[in-house]
Amino acid sequence: MAFLKTHERTKERFSLLLLDLEEYYFEQHTAYHVTSSSKKERKIRGSFKVCSRSIIFDPEDLTEPILKIPLRDCKEIEFVEKENNPFNEPRPSAISISCGQVISIKESNVIAPYRNDRGAKKMTFQLEVWSKTEDVVQTLLQLHRASCLEKLGDQTAMIAANLQSRLARSSFDKNCFQNVAERPHMECAVEMVLPLVSNPGHVCITDENLYFQPLNGYPEHVIQIKLNRVRRIYKRRHGLRPLGLEVFCTENDFCSDIYLKFYNTADRDEIYYYIATFLENHMTEHTAESYMLQWQRGHLSNYQYLLHLNNLADRSCNDLSQYPVFPWVIADYTSSQLDLTNAATFRDLSKPVGALNRERLDRLLARYKGMPEPRFMYGSHYSSPGYVLFYLVRVAPEHMLCLQNGRYDHADRMFNSIGETWKNCLEGATDFKELIPEFYGNDCSFLENKLNLDLGRRQNGSLVGDVVPPPWASDASDFLQKHRTALESQYVSEHLHEWIDLVFGFKQRGSEAVAAHNVFHPLTYEGGIDCDSIEDPDERIAMLTQILEFGQTPTQLFSSPHPQRITPRFQNITRSSSNTSPVSELSPVSQSEDSSFEDLTEESRKLAWANMGNLTLVSSHKVHKEAVTGITVTRDGAAIFSTSQDSTLKMFSKELKEFQRSMSFSNMALSSCLMLADGKTVACSSWDNNVYFYSIPYGRRQDTLMGHDDAVSKMCWFDERLYTASWDSTVKVWQCASDGSSSHKRSQFQLLAELEHDSGVNTIGLNPAGTLLVSGCKDGAVTIWDTSSYNTLQQVHCHTATIHHTAFSPDSRHVLSVGADSCMKVIDVQTGMVISSVKAEEEQRCFCWDGNSVLCGGQSW
């Protein structure tokens with residue numbers, strides 16, 4: 001299944017999951033475990049593995065158990081020199097270990113709880129390569145000293161120093177390149193992250209491949225990913241720090257091909273942007289808003305949309321503390337038939353699990369009111385490593401044993417029945433867990449005990465076997481099919497936005513969270529505590545461990561109410577009559593998505609030029625399916641190019657009075673367009689974070705510039721410099737190389753400056769001389785910049801809502817801006833003062849002006 005498929009790189013029975021949490025596997029040596037009886041000596045051949053907190057011996061004979069010796073339980077580790085007694089057979093040098101505990105794992109090659117054999121023991125191992133014995137003993141002694149340090153912080157620091165020393169002494173083996181002509185770009189030390197474990201090594205990226213070479217050669221000597229196969233990449237927050245990078249070679253799967261943790265953010269970012277540069281033709285990066293629009297209009301299923309939101313909110317199947325979270329959607333687990341037309345069948349998606357039972361909620365609120373700050377309503381989270389493995393124990397038993405120190409949970413606390421689990425989530429004092437994506441997938445193996453695991457016996461005498469489905473499902477497969485249907489049902493489609501508000505949206509934090517009874521422990525929230533600010537290393541490690549094991553709230557993606565999905569209403573199955581109005585009235589997008597900006601308000605007419613009455617309409621042509629966002633004309637006026645929210649760039653022939661070309665670069669809206677100085681290239685900005693360059697003579701996309709982390713909203717071009725504004729709160733200035741000697745598309749654009757803002761930038765404009773830049777933001781601020789020094793000259797918070805358009809007067813002395821607050825403001829560039837303010841009758845979206853008179857485009861038709 002998806003949880004395991006990318007990690008099945010080896011069939012050997014040793015696994016990193018045999019290590020303790022936060023432990024590293026350093027090296028292995030072929031060796032013999034020597035045991036002596038009264039009659040003869042016995043040698044068992046296998047692999048002697050040196051780990052940061054333990055020694056593991058993996059015998060070749062699968063009937064023998066894997067032996068694990070915790071270094072903290074070792075009393076003495078000695079190097080035994082070889083014997084050359086002429087009267088006896090020579091004995092090779094050996095490693096002698098006196099310990100107080102040996103853990104036996106996978107006895108008879110069966111996955112089962114570990115057996116701890118306590119008591120004084122003496123173990124002897126002989127390496128096949130004798131000459132390495134003394135060096136291995138010295139390494140073990142060093143790691144043993146670290147394990148015996150009193151403070152956990154000191155232990156961790158000493159082990160980390162050992163790891164960094166090993167990484168510094170090694171490098172990526174370039175003999176592993178698939179092609180002798182490959183050109184390496186960068187190499188650095190990283191860790192490959194898997195559920196509950198990580199594996200240190202080196203990453204190397206070339207012009208063809210991404211390679212990871214584990215320090216220990218496990219699970220294979222090198223892992224290779226072809227760059228032309230990569231479809232998505234995400235920056236990740238790992239261990240509460242921005243160090244992760246996840247690479248996907250599929251479009252819709254939620255399990256990645258590799259997850260890397262870097263030791264510094266700069267290395268992570270360099271590889272991220274390098275991959276993005278070379279993959280511009282194969283991938284697009286989306287935002288929560290762009291996915292929201294696709295989902296609203298029915299282009300994404302509920303399942304796909306939730307996967308995308310989880311991805312954007314740092315949820316990954318490689319990180320069990322941030323595993324993708326899905327909602328319970330059904331509340332009926334007792335009926336023999338599932339009625340998806342009955343509202344009572346469904347869970348109330350406007351409430352968190354903890355608030356679904358009023359009686360329990362009243363008890364929690366009473367405790368909350370009497371609690372000192374910081375207060376919280378729920379002492380456990382809705383997603384944690386323990387909850388994920390509670391659901392997946394039948395397909396990931398070794399993960400559960402790793403998490404719980406070699407034991408399964410008590411049989412009666414296991415995932416035995418879907419109905420029982422739902423009942424406990426409703427009534428349990430500390431159980432508020434949601435579901436995981438597997439409940440809406442196609443693989444039912446996590447509900448079946450196909451591995452014949454001995455998971456214990458319940459108090460009623462029955463063995464823990466397959467999960468019992470509800471009465472309305474004939475088996476596990478039937479349950480998943482009906483559960484998927486319920487997720488995509490009309491009721492869930494109409495109410496899913498309410499659950500998104502709780503988990504990813506504006507009800508996740510603050511007063512809205514309190515009102516929605518959605519307050520969890522402060523440590524679960526991103527930014528709830530800065531672990532790096534805790535000086536005591538023991539306290540810092542303990543705090544980090546607590547946060548990771550307790551579970552984490554997703555990154556907040558929306559700060560305002562999430563709009564409802566636009567769905568056809570064939571039947572009314574809502575819970576409340578207040579929600580029975582047509583969806584078109586409830587969806588803010590549906591009211592304005594086809595809005596025109598061409599009509600004049602009365603205020604605009606008063607400011608219009610004196611000869612406006614002489615203008616006559618020559619022709620009108622509807623060439624786009626949705627709102628036009630930009631228009632540019634060729635030098636000779638023969639062709640008109642337009643961009644639209646329908647994601648297309650279209651070319652209209654003035655002479656033929658028809659459009660001749662239609663281009664689509666992605667499935668996201670195009671936000672603006674402009675003609676470059678050569679008169680042969682049209683630049684188009686897009687909500688998919690890219691700028692596309694379209695060649696008019698060749699009739700195809702020429703270049704792609706990937707430079708932002710959110711939608712590109714507006715562009716300006718002056719003197720071989722491109723200015724791009726974005727909702728990622730930056731304006732970037734790019735120098736375009738004009739010599740054409742660049743060997744790669746992206747390299748012709750050099751980033752000159754990055755102008756930071758406090759909120760998303762919605763519009764920009766240059767003065768006629770190109771010496772000043774003005775930007776308008778979503779928070780209503782207008783900022784004026786010097787384009788030679790990139791310093792801020794003025795910043796004026798003159799609007800109470802998003803600024804739609806701003807521009808300089810011809811003499812560069814004034815700036816005019818219009819915003820969603822229906823106001824027009826004139827700002828003096830030199831003083832930064834608002835010298836004129838006009839309140840229009842409706843929202844103004846765009847304008848042109850000559851410094852005295854203004855022609856505006858409003859919101860209405």
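Hydrogens, waters and symmetry mates play no part in the numbers below; they use all other heavy atoms, side chains included. Numbers here are sequence positions counted from 1. Everything quoted here is computed from the prediction, not taken from an experiment.
- The cationic group of Arg236 lies under 6.0 Å from the six-membered ring centre of Tyr234 and within 45° of the ring axis, placing it in a cation-pi geometry.
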Audit row: Val222, Phe212, side-chain contact (heavy atoms from CB on, under 4.5 Å) steps and yes/no: CA-CA 6 Å; Val222 68; Phe212 172 71; over 6 Å; no
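- No side-chain N or O of Asn689 forms a donor-acceptor pair with one of Asp710 less than 3.5 Å apart.
- By the side-chain hydrogen bond (donor to acceptor under 3.5 Å, both in side chains) test, Ser15 is found to be paired with no residue, residues two or more places apart in sequence or in another chain being considered.
- Checking Trp727 against Asn762 by side-chain atom types alone, a donor-acceptor pair falls below 3.5 Å.
- A side-chain N or O of His708 and one of Thr730 form a donor-acceptor pair less than 3.5 Å apart.
- Classification of the Tyr24-Phe26 ring pair by plane angle, with boundaries at 30° and 60°, yields parallel.
- Between the side chain of His757 and the main chain of Leu755, a donor-acceptor pair closer than 3.5 Å is present.
- Neither side chain, Thr524 nor Gln552, offers a donor N or O lying under 3.5 Å from an acceptor on the other.
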side-chain contact (heavy atoms from CB on, under 4.5 Å) between Tyr263 and Leu167, worked out: CA-CA 12 Å; Tyr263 293 110; Leu167 290 169; 3.7 Å; yes
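- Trp785 and Ser775 share a side-chain donor-acceptor pair at under 3.5 Å.
- Here the side chain of Ser384 pairs no donor or acceptor atom with the backbone of Gly551 at under 3.5 angstrom.
- In plain terms, the two heavy atoms of Leu312 and Thr287 that are nearest each other are CD1-C, 3.6 Å.
- Side-chain contact check for Thr771 versus Asp786: every heavy-atom pair is 4.5 Å or farther apart.
- Aromatic pair Phe558/Phe504: centroids not less than 6.0 angstrom apart.
- Residues Gln795 and Asp758 are in side-chain contact: their nearest non-hydrogen atoms beyond the backbone lie under 4.5 Å apart.
- Defined by atom type and a distance below 3.5 Å, a donor-acceptor pair is present between the side-chain atoms of Ser672 and Ser685.
- Under the 3.5 Å distance criterion, the side-chain polar atoms of Ser686 are matched with a main-chain donor or acceptor of Ala669.
- Taking the six-membered ring for Trp and thresholds of 30 and 60 degrees, Trp295 and Tyr305 have nearly parallel ring planes, at less than 30 degrees apart.
- For the side-chain hydrogen bond (donor to acceptor under 3.5 Å, both in side chains) test, no residue two or more places apart in sequence or in another chain qualifies with Asp719.
- Under a 3.5 Å cut-off, the side chain of Asn310 and the backbone N or O of Arg315 do not form any donor-acceptor pair.
- The two residues Ile803 and Ala781 come nearest to each other via the heavy atoms CD1-O, 3.3 Å.
- Side-chain contact of Ser671 with Ser713: a donor-acceptor pair under 3.5 Å is absent, judged by distance alone.
- A distance of 5.5 Å separates CD in Gln735 from CZ in Arg721, rounded to the nearest 0.5 Å.
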Determine, step by step, whether Trp734 and Thr724 satisfy the side chain to side chain donor-acceptor pair (under 3.5 Å) criterion, reporting the C-alpha distance in whole Å, the side-chain angles of both residues, the deciding distance to 0.1 Å, and the verdict. CA-CA 8 Å; Trp734 308 87; Thr724 57; 3.1 Å; yes
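- Asn318 and Glu246 are linked by a side-chain donor-acceptor pair at a separation below 3.5 angstrom, with hydrogens and angles left out of the test.
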Could you go step by step and tell me if Asp207 and Arg183 meet the salt bridge (Lys or Arg N to Asp or Glu O under 4.0 Å) rule? CA-CA 6 Å; Asp207 55 348; Arg183 295 192 302 273; 3.5 Å; yes
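- Heavy atoms only, all atoms of each residue included: Arg232 and Thr250 are closest at NE-O, 3.1 Å.
- For the pair Gln508 and Val503, the minimum side-chain heavy-atom distance is 4.5 Å or more.
- Side-chain atoms of His521 come within 3.5 Å of backbone N or O of Leu523 as a donor-acceptor pair.
- For Glu187 (side chain) and Phe172 (main-chain N/O), a donor-acceptor pair under 3.5 Å exists by modelled atom type.
- Under the side-chain hydrogen bond (donor to acceptor under 3.5 Å, both in side chains) criterion, Arg241 pairs with no residue at all, not counting sequence neighbours.
- Side chains of Asn690 and Thr704: no donor on one and acceptor on the other come within 3.5 Å.
- The closest donor-acceptor contact from the side chain of Gln155 to the backbone of Leu152 lies at 3.5 Å or more, if one exists at all.
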For a side-chain contact (heavy atoms from CB on, under 4.5 Å) check, start with the C-alpha distance between Val247 and Ser256, then their side-chain angles and the critical distance, and finish with the verdict. CA-CA 6 Å; Val247 180; Ser256 64; 6.0 Å; no
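- In this structure, His185 and Tyr274 have parallel ring planes: the angle between them is below the 30° cut-off, well short of the 60° mark.
- A pairwise comparison of heavy atoms in Leu766 and Cys716 identifies CD1-CB, 3.7 Å as the closest pair.
- Between His381 and Phe550, the ring-plane angle classifies as tilted under the 30° and 60° cut-offs.
- Remark: the backbone N or O of His238 is not paired with any side-chain donor or acceptor of Gln322 at under 3.5 angstrom.
- Leu215 places a side-chain heavy atom less than 4.5 Å from the side chain of Leu163.
- You'll find the ring centres of Phe248 and Tyr259 outside the 6.0 Å limit.
- Taking CZ of Arg231 as the start and CG of Asp257 as the end, the distance is 11.0 Å to the nearest 0.5 Å.
- Gln213 places a side-chain heavy atom less than 4.5 Å from the side chain of Asp173.
- Glu208 CD: more than 12 foreign heavy atoms inside a 6.0 Å radius.
- Taking both residues in full, the closest heavy atoms of Gly776 and Thr806 are given as N-CG2, 4.1 Å, listed atom of the first, atom of the second, then distance.
- Gln304 is not listed as a side-chain neighbour of Gln294, based on a closest heavy-atom distance of 4.5 Å or more.
- Counting heavy atoms from C-beta on, the side chains of Ile225 and Cys249 come closer than 4.5 Å.
- Taking the ring centroids of Tyr382 and Phe520, they lie under the 6.0 Å cut-off.
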Applying side-chain contact (heavy atoms from CB on, under 4.5 Å), run through Phe326 and Leu307 and close with a yes or a no. CA-CA 9 Å; Phe326 270 57; Leu307 277 186; 3.9 Å; yes
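- Listed here is the closest heavy atom pair of Cys317 and Tyr323: CA-CE1, 3.4 Å.
- Checking side-chain atoms of Glu182 against main-chain N and O of Thr206 turns up no donor-acceptor pair under 3.5 Å.
- Counting heavy atoms from C-beta on, the side chains of Asn199 and Asn216 come closer than 4.5 Å.
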Evaluate the salt bridge (Lys or Arg N to Asp or Glu O under 4.0 Å) criterion for residues Lys235 and Asp314: first the C-alpha distance (whole Å), next the side-chain angles of each, then the deciding distance (0.1 Å), finally the verdict. CA-CA 8 Å; Lys235 294 178 183 179; Asp314 273 336; over 6 Å; no
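- Not a single donor-acceptor pair under 3.5 Å links the side chain of Ser198 to the backbone N or O of Met192.
- A donor atom on one side chain and an acceptor atom on the other are found under 3.5 Å apart for Arg166 and Asn162.
- Counted by atom type alone, Thr629 and Thr643 present one or more donor-acceptor pairs between their side chains at under 3.5 Å.
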